Structure formats: structure tokens, C-alpha cells
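Below is one structure, written out as C-alpha cells; the observations come after it.
Just so it is clear, the structure is predicted and the values come from calculations on it, not from any experiment. Note that ligands are numbered from 1 as they come in the structure, with each ligand's atoms numbered from 1 the same way. Heavy-atom basis, side chains included; hydrogens, waters and symmetry copies ignored. Starting from 1, each residue takes its place in the sequence as its number.
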Amino acid sequence: MRSIIAGNWKMNGTLAGVAGYAASLKAADHNAALIVCPPFPLLPAFAAALAGSAIALGAQDCHAREAGAHTGDVAAPLLREIGAAYVILGHSERRADHGETNADIAGKVAAARAAGLIPIVCVGETESQRDAGEAAEIVRTQLRHSLPADFTGIVAYEPIWAIGTGRTPAIADITAMHAGIRADLTAQFGDAGGKIPILYGGSVKPDNAAAILALPEVGGALVGGASLKPADFLAIAAGAPSV
Ligand code: PGA
């Protein structure tokens with residue numbers, strides 16, 4: 001399977017920047033499947049700019065309900081209607097900033113699936129949890145409670161202490177965590193769990209991407225800061241192994 005390289009713009013970007021960014025991505029050559037996840041208001045402009053290309057669009061959150069009195073939230077069917085194919089759910093910044101629980105995330109995952117969106121569900125430990133030797137158990141609990149029984153989609157392992165810090169786990173630790181997540185997914189979902197792509201996220205940059213993307217059970221990368229510049233995002237995609 002081709003590596004999935006998803007760019008999480010977080011709360012960055014402007015309407016004026018969309019056309020140039022999309023043009024750069026469309027012109028590039030690489031072995032990866034690209035997904036761009038900009039802020040909600042940029043999705044329609046991106047959908048127009050990427051029309052006819054293989055580059056997919058994702059949102060950064062959705063609500064668990066299809067519609068209703070939820071001021072400031074966005075429903076999954078609307079995201080699908082305006083051209084998103086994916087949605088990031090349970091990012092650690094949403095878990096921290098908005099108090100999202102595993103149960104909240106499971107509800108959003110179900111809503112995303114019902115709307116035809118592919119969820120990218122984030123899990124990962126804090127630095128103190130890692131230091132205490134609890135990383136694998138924390139992630140196992142997040143998987144067990146954030147993914148509904150009929151889950152299909154993508155999982156992203158993002159150690160919280162590696163996000164936006166320029167620090168990444170040792171290669172051996174990424175390998176061990178991804179092997180553990182694969183075992184957890186297989187225990188949870190049987191054969192289907194063996195096919196769920198597991199992305200790595202947290203300070204993926206052009207200079208470390210190829211080494212990370214080559215690891216067993218690393219199905220791609222969820223890229224924050226380095227996805228904002230098309231040259232960096234494409235350099236990361238260029239690190240994807242050929243298939
Ligand atoms: P980063 O963010 O690449 O800036 O570390 C990754 C993420 O939060 O998805």
C-alpha cells in the first residue's frame with residue numbers, strides 16, 4: 001500500500017494561500033497518497049483547487065450529531081458535501097483544549113463513518129506517561145475506547161511530547177509502538193485490524209521522514225508544522241518508500 005501523508009494545518013493558513021499550495025502539490029511527483037486537512041473555511045476553496053487531482057481533503061474535527069443546536073460545531077455530512085473525504089478525530093490538541101474523551105471520539109468516529117468520511121483517529125501518550133513506562137497501555141486504552149466495534153479507517157500514533165517540539169521518539173520506540181498498536185488492533189478487530197493503516201505523527205520533517213516511513217507497520221505520516229510549506233510537505237512525501 002502507498003504511504004499516506006496527511007497534512008494537518010491546525011489553525012493556520014489563509015484563503016489567499018490555497019491556490020498556490022494546491023498547484024504545488026498537483027505538480028509534484030511522489031509515491032504517496034496525499035491528504036490536506038486545512039481549517040474548515042478553506043475546505044471549499046481547496047476542493048475547487050484540487051478537483052480532478054488524486055489529492056484528498058480532510059477536516060480536523062466533526063460533531064457526533066448529524067445536525068442540531070451545537071453552536072460553533074460542524075457536522076460530518078456537511079463536511080462530506082463540501083468535498084472532505086477524511087476527518088482527523090481525537091487529536092491530542094482537541095483532547096486537551098476541548099476536553100474530548102475517548103467516548104466523545106467514538107461518537108464522532110461513528111458519525112464520520114455514517115457520513116461516508118474516513119476517520120483518522122489520533123492516540124498517543126504524554127511525556128510523563130512514557131517516562132513511567134505506561135505508553136503502550138495508555139494507547140491501548142485509547143484505541144479500545146475511541147474506536148467503535150465496527151471501526152474502519154486510519155489510526156495515527158502521535159506521542160504528545162513529540163508534537164511541535166522537534167523531538168521524535170527513537171526509531172526503535174516508533175517500531176515498538178507501531179507493532180504494539182498493530183497487535184492491539186488485531187486483538188480488537190481480528191483480520192480487519194491487520195489492515196488499518198497506522199500513521200506516525202509528531203515532528204515529522206523532510207530530514208527524518210524517509211527513515212520513519214520505511215519502518216514496519218508505519219503506513220504513513222500525520223504532519224503538522226511541516227505541512228504548511230508545500231516544499232517541506234512534498235519533501236516528506238518524497239521520502240515514502242516506492243511500492
Ligand atoms: P507536528 O504536528 O508535525 O507539528 O509535530 C503533528 C500533529 O499534531 O499532527
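Taking any N or O of Ile163, backbone or side chain, none lies under 3.5 Å from an N or O belonging to ligand 1. Between Lys205 and ligand 1, no N or O atom pair is found at a separation short of 3.5 Å. Considering backbone and side-chain atoms together, Ser203 places an N or O closer than 3.5 Å to an N or O of ligand 1. Checked against a 3.5 angstrom limit, the closest N/O atoms of Gly224 and ligand 1 fall inside it. Considering both main-chain and side-chain atoms, Val223 never comes within under 3.5 Å of ligand 1 through any nitrogen or oxygen pair.
Interface of Ala162 with ligand 1, defined as ligand atoms under 4.0 Å from a residue heavy atom, comprises 5 (O). When each atom of ligand 1 is checked for a heavy atom of His91 under 4.0 Å away, the hits are 7 (C), 8 (O), 9 (O). The contact set between ligand 1 and Gly164, taken as ligand atoms under 4.0 Å from a residue heavy atom, comprises 1 (P), 4 (O), 5 (O). Below 4.0 Å from some heavy atom of Gly202 lie the following atoms of ligand 1, by number and element: 5 (O).
Under 4.0 angstrom from ligand 1, there are no non-hydrogen atoms of Ser92. By the criterion of a heavy-atom distance under 4.0 Å, the side chain of Asn8, and not its backbone, is placed next to ligand 1.
Note on ring orientation: taking the six-membered ring where Trp is involved, the planes of Tyr157 and His178 are perpendicular (angle over 60°, cut-offs 30° and 60°).
One side chain, Arg113 or Thr152, offers a donor N or O that lies under 3.5 Å from an acceptor on the other. Using modelled atom types and a 3.5 Å distance limit, the side chains of Glu158 and His91 yield a donor-acceptor pair. A donor-acceptor pair shorter than 3.5 Å cannot be found between the side chains of Asn102 and Arg144. Side chains of Thr101 and Asp104: a donor-acceptor N/O pair is present below 3.5 angstrom, by distance only.
Protein heavy atom in closest approach to atom 9 (O) of ligand 1: Glu158 OE2, 2.6 Å. Of all protein heavy atoms, the one lying nearest to atom 4 (O) of ligand 1 is Gly225 N, 2.8 Å.
Under a 4.0 Å heavy-atom criterion, Gly201 is not in contact with ligand 1.
Looking at every heavy atom in both residues, Ile163 comes nearest to Ser92 through CD1-OG, 3.3 Å. Closest heavy-atom contact between Ala75 and Ala67: CB-N, 4.5 Å.
Ion pairing of Asp232 with Lys205 is absent here, as no side-chain N (NZ or NE/NH1/NH2) approaches a carboxylate O to less than 4.0 Å.
You'll find the ring centres of Trp9 and Phe233 outside the 6.0 Å limit.
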